[in-house]
Amino acid sequence: MNPTSTHVEEAIRSSGLRVTYTPCVLMLRKPPPEALSKIGNLPDAERQKSFRLLISILGVADSERRAGCGDNCAHWWNRDLRDEAVVRQILAEGAA
């Protein structure tokens, strides 16, 4: 799924970046594949802003995905994989 303009706008707000920064302008005005290609070719001075924006977009999209899955989500990838007990349980369920 490609990020929508709503995802990008929310990501810009949550990242603390200005909408006038080059990566933000690209993501707002270009289709995602073209914007990402252009962001990948930006000069080194734009890398930190680009990274912050892209991570923020990922966070917005992930939050939306998790909300859509609901409280009783059974997908292993939506569980807390930092918790060793959860990982052991997932592995045990897969072996059953």
Counting only heavy atoms from other residues, nucleotides and ligands, does the tally under 6.0 Å from CZ of R79 exceed 12?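 Buried by this count: over 12 neighbours within 6.0 Å.
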
In the structure I gave you, are the side-chain heavy atoms of I12 and S56 within less than 4.5 Å of one another anywhere? no

Counting N and O atoms only, with roles assigned by atom type, does the side chain of S37 sit under 3.5 Å from a partner on the main chain of P33, one being a donor and the other an acceptor?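 Flag not set: sc S37 to bb P33 has no pair under 3.5 Å.
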
Which value, rounded to the nearest 0.5 Å, describes the distance between S63 atom OG and H7 atom NE2? 9.5 Å

Check P23 against L42 and note the closest heavy-atom contact, atom names and distance.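 Shortest heavy-atom separation between P23 and L42 comes out as CG-CD1, 4.2 Å.
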
Between L36 and L54, is a side chain to side chain contact (heavy atoms under 4.5 Å, CB included) present by the stated rule, with each step listed? CA-CA 9 Å; L36 291 172; L54 295 175; 3.6 Å; yes

For L81 and W76, work out which heavy atoms get closest and say how close.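 Smallest interatomic distance, heavy atoms only, reads CD2-O, 3.8 Å.
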
Report the C-alpha distance between K49 and E46 in whole Å, list the side-chain angles of each, state the deciding distance to 0.1 Å, and finish with yes or no for salt bridge (charged side-chain N to carboxylate O under 4.0 Å, His left out). CA-CA 6 Å; K49 290 181 264 187; E46 298 291 328; 3.5 Å; yes

Counting C-beta onward and ignoring hydrogens, is there a side-chain heavy-atom pair between P3 and M27 closer than 4.5 Å? yes

For V8, the option from V60, L28, L26 that meets side-chain contact (heavy atoms from CB on, under 4.5 Å):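 Output: one option passes, namely L28.
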
Just verifying a value: how many Å separate S5 OG and R29 CZ, rounded to the nearest 0.5 Å? 13.0 Å

Enter the distance from I39:CD1 to E34:CD here, rounded to the nearest 0.5 Å.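 Here the rounded value is 11.0 Å.
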
Would you say Q48 has more than 12 foreign heavy atoms packed within less than 6.0 Å of its CD? no

OG-CD1 distance between S15 and I57, expressed to the nearest 0.5 angstrom: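 Going from the OG atom of S15 to the CD1 atom of I57 covers 8.5 Å.
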
